[in-house]
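Side chains included, hydrogens not; waters and symmetry mates left out as well; all remaining heavy atoms used. Order of the sequence lines sets the chain letters (A, B, ...), proteins ahead of strands, with each chain counted from 1.
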Number of protein chains: 2
Amino acid sequence: MKSVNVGICGLGTVGSGTVNVLVRNAEILSARTGCDIRITQIGARRPNPSCDTSEISVVNDIFEVASNPDVDILVELIGGYDTALKLVKEAISNGKHIVTANKALIAEHGNEIFALAREMNIVVAYEAGVAGGIPAIKSLREGLVANRINWLAGIINGTGNFILTEMKDKGSPFADVLKQAQDLGYAEADPTFDVEGIDAAHKLTILASNAFGIPLMFDKTFTEGISKVTPEDLQYAEEFGYRIKHLGIARNTDKGVELRVHPTLIPESHLLASVDGVMNSVLIDGDAVGQTMYYGAGAGSEPTASAVVADIADIARIISAPECAVPPVSLLSAGQDVSVLPIGEIVAASYLRIRAEDHPGVLMKVTEVLGQHGINIDALLQKEARESDGCADIAVLTHHIRENLLMQAVSEIEELEEITSPVVHIRVDHLGG
Amino acid sequence: MKSVNVGICGLGTVGSGTVNVLVRNAEILSARTGCDIRITQIGARRPNPSCDTSEISVVNDIFEVASNPDVDILVELIGGYDTALKLVKEAISNGKHIVTANKALIAEHGNEIFALAREMNIVVAYEAGVAGGIPAIKSLREGLVANRINWLAGIINGTGNFILTEMKDKGSPFADVLKQAQDLGYAEADPTFDVEGIDAAHKLTILASNAFGIPLMFDKTFTEGISKVTPEDLQYAEEFGYRIKHLGIARNTDKGVELRVHPTLIPESHLLASVDGVMNSVLIDGDAVGQTMYYGAGAGSEPTASAVVADIADIARIISAPECAVPPVSLLSAGQDVSVLPIGEIVAASYLRIRAEDHPGVLMKVTEVLGQHGINIDALLQKEARESDGCADIAVLTHHIRENLLMQAVSEIEELEEITSPVVHIRVDHLGG
């Protein structure tokens, strides 16, 4: 049986999970792949008590792994940008295939990495970077290869989804639930990447690139976090028959590609609305297959390791025949400029929450402004005035409208004397329904 | 660019969908696979107006396709057993790779077909046979390759799921909804395969084989249909907090493998409980990844074609390097007898509906019998007597119990003089929750 030699750089949560899965399921893996997959070397600054590395060569310097002639596949699990990029480029130059769970690295430096990999005829695999253990990238690239992808939408940040789920279930404000998520270890001390949507935008960039055959365009992805969502918004959305989820949405339109991460109202009857807590899910609409959905754990030691090892197994199968590798991204747009729609050009339905002093006539003024901009109202809730400040909430669901027009109407509404705080705007998506 | 030549046998619903997808998305497919995938020949008794075959050689005799030296991949879409088996074996003998959507053929003759394919170093792919356009087989074999699969459960027959969904939503009896499904074209004139679970058992056999690395064992799969489920059962289940779904369940236990298709109560909060209408979904529990779920259209022309073409694309990629093909099934159990648990050895919670004359004391007699067999009651509903026959329903949820014991208790209950009709027994599964 052919041996395939793996070098693992980084022995944190995912690194130790990867060692554990490769060791525990070695027999299954060799039956399924026809290869004996061995861990040849680990590069890590310190051991990790949650995995046994006593029989593996462990070195401090990760760059030793990148130059080890016995390593066929380098698994990059150190995270971050600079050192990871240097490590991966060096390993590729040394002819090693790459498996990584680092979405930030791929989303922001993938174009450069893939170009080098093509030159060297090297496989770069990154299933673990998107939606953890869910084989979303494989499903998109291979399972749905026959399809022109129309759009995709994903709950691709478990921390954010946990926070929104808890806020809805318990009626607690954002800051309290964030604190709880930090105590549970679901959110980092600095939660910006998760709650402001940067992590989701990294993943969306990668999904969109595979879906549409376009280069990775993280810097053109519109990104809006969940910190502005309040328990009232979650409740009003429910009264309208919706749930609020933090979605990454990529859509292929005639005018250009939409790439956006933002809180979104989706119909409560949609399967994606039932994806709660730290779970992830990706919904893909293809021209032949229609909608398919993929669901599972988006993070965690062994769920992520499951994807890392799947990539290792794929490469192990093709190491003897590199010409049959699936390319990192099949660029359908090679040589063309890809146009990404600015967020103002998006046409979407919207939820607006307008907090106003409880004077007669406010509602009329608001609807007048909307009408002047050609914005039709789908549903409207006027809540009773709150005792605390005498203000009342008006929640509006609009028909589809170009976002620039909506934004103009929103500024005019904010200028009305009865309006006491900024208008909250959350997009609505029926997800093809 | 390398050309890969496809011969398609059968031009019905899936055949015409396959032609349409291959032609419409030819450019995408060649960018993604690096191959020019061409339809060289079609074998079909008559043309199909829903696809344009004017520029393709169409022959009446499907066996011409199997012996056509210009065909690399034979796509079997004629369905049925005998002719399909002969066609596939002849094509394999002639060195052609096989793509099929025929679950009955694979479930019942797959062991023989795979053995011949191994001998000839041929790929046999059958993604379209299970759960239509959902890449369930690929996810299981490749995406979750790192996992020891603990169990899987699937809604894998759209007709049955449509019937149960309509029965629940409208309160209509089975026969009426079946008629409606037939009128809509969702059910065949002879609905036995769908409603008695044979189709689901075919698919479960294939899933289990891939999950556990065991031979295809259709004849050992316990199969129970949905014709006995009544609107009352769906309603009582809802009162208990459950939904009834027709599931295929495969589980790897210390004592043997469970292979079973039957109506099942699952918690209403589980994502699988929200899979309604003709949609399919497969839930897989792996030791590393935990639960992942796959959802989409389980039938239809282009959804099924999406899976057929994905298999074609996979083979196209590896035609120049056949040694890297994923084997049809990686037999972990090669050379060992695989023990399949008889249904009586299964340990499960159960729902019982007992229709009794409305005499005082019946409830006590029933609970006494259950108690004598060590069966604990989790919840119990006693409904009021019905005007039509003066009988009252007692609905019971039991704790987990070995099914043989439950069956003994059920026969004793059925012998009570107040019991007027057979006890309805439906298994409960919390799906790992």
Side-chain angles (χ1 to χ4, degrees), chain A residues 17 20-22 24-25 27-29 31-34 127 132-135 138-139 141-148 213 269 271 274-275 286-297 300 302-303 305-310 312-314 317-318 320-321 323-327 330-332 334, chain B residues 17 20-22 24-25 27-29 31-34 127 132-135 138-139 141-148 213 269 271 274-275 286-297 300 302-303 305-310 312-314 317-318 320-321 323-327 330-332 334:
Chain A
N20 285 331
V21 170
L22 280 173
R24 185 176 72 233
N25 290 345
E27 199 186 339
I28 292 182
L29 279 162
R32 288 179 180 158
T33 61
E127 179 69 80
I134 309 170
K138 179 176 277 284
S139 297
R141 292 154 63 88
E142 302 176 38
L144 305 182
V145 66
N147 292 264
R148 185 176 298 274
S269 60
L271 212 53
S274 303
V275 174
D287 69 340
V289 77
Q291 289 190 13
T292 57
M293 200 182 98
Y294 308 85
Y295 166 88
E302 290 211 359
S306 172
V308 168
V309 174
I312 293 172
D314 272 357
R317 283 194 186 111
I318 60 185
S320 53
E323 66 275 27
C324 75
V326 182
S330 310
L331 290 176
L332 302 180
Chain B
N20 285 331
V21 171
L22 280 173
R24 186 177 72 233
N25 290 345
E27 199 186 338
I28 291 181
L29 278 162
R32 288 180 181 158
T33 62
E127 179 69 79
I134 309 170
K138 178 175 279 284
S139 297
R141 293 153 63 87
E142 302 177 37
L144 304 183
V145 66
N147 292 263
R148 185 176 299 272
S269 61
L271 211 54
S274 303
V275 174
D287 70 341
V289 76
Q291 288 191 14
T292 58
M293 200 183 98
Y294 308 85
Y295 165 90
E302 291 212 359
S306 172
V308 168
V309 175
I312 293 173
D314 271 357
R317 284 194 185 112
I318 60 184
S320 53
E323 66 275 27
C324 75
V326 183
S330 309
L331 290 176
L332 302 181

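Counting heavy-atom pairs closer than 4.5 Å to chain A, the top-ranked of the candidates B:Ala305, B:Gly133, B:Ser306 is B:Ser306. Chosen from B:Arg24, B:Met293, B:Glu127, the residue pairing most often with chain A at heavy-atom distances under 4.5 Å is B:Met293. The greatest number of non-hydrogen atom pairs below 4.5 Å with chain B, out of A:Val275, A:Val309, A:Val289, is found for A:Val289. Heavy-atom pairs under 4.5 Å with chain A were tallied for B:Asn20, B:Leu271, B:Leu29, B:Leu144; the largest tally goes to B:Leu271. Contact tally against chain A (heavy-atom pairs below 4.5 Å) for B:Ala288, B:Ala307, B:Gly132: the top residue is B:Ala288. Chain A forms more heavy-atom pairs under 4.5 Å with one residue of B:Gly290, B:Ala313, B:Gly143, B:Gly296 than with any other, namely B:Gly143.
Contact detail for B:Glu142 and A:Asp314: the closest heavy-atom pair is OE1-OD1, 4.2 Å. Summarising the geometry of B:Arg317 relative to A:Arg141, their closest heavy-atom pair is NH2-O, 3.8 Å, with the distance given to 0.1 Å.
Using a 4.5 Å cut-off between heavy atoms, A:Asp287 touches chain B through backbone and side chain atoms alike. Using a 4.5 Å cut-off between heavy atoms, A:Asn147 contacts chain B through both its backbone and its side chain.
Distance check, rounded to the nearest 0.5 Å: CD1 of A:Ile134 to CD of B:Gln291 gives 12.0 Å.
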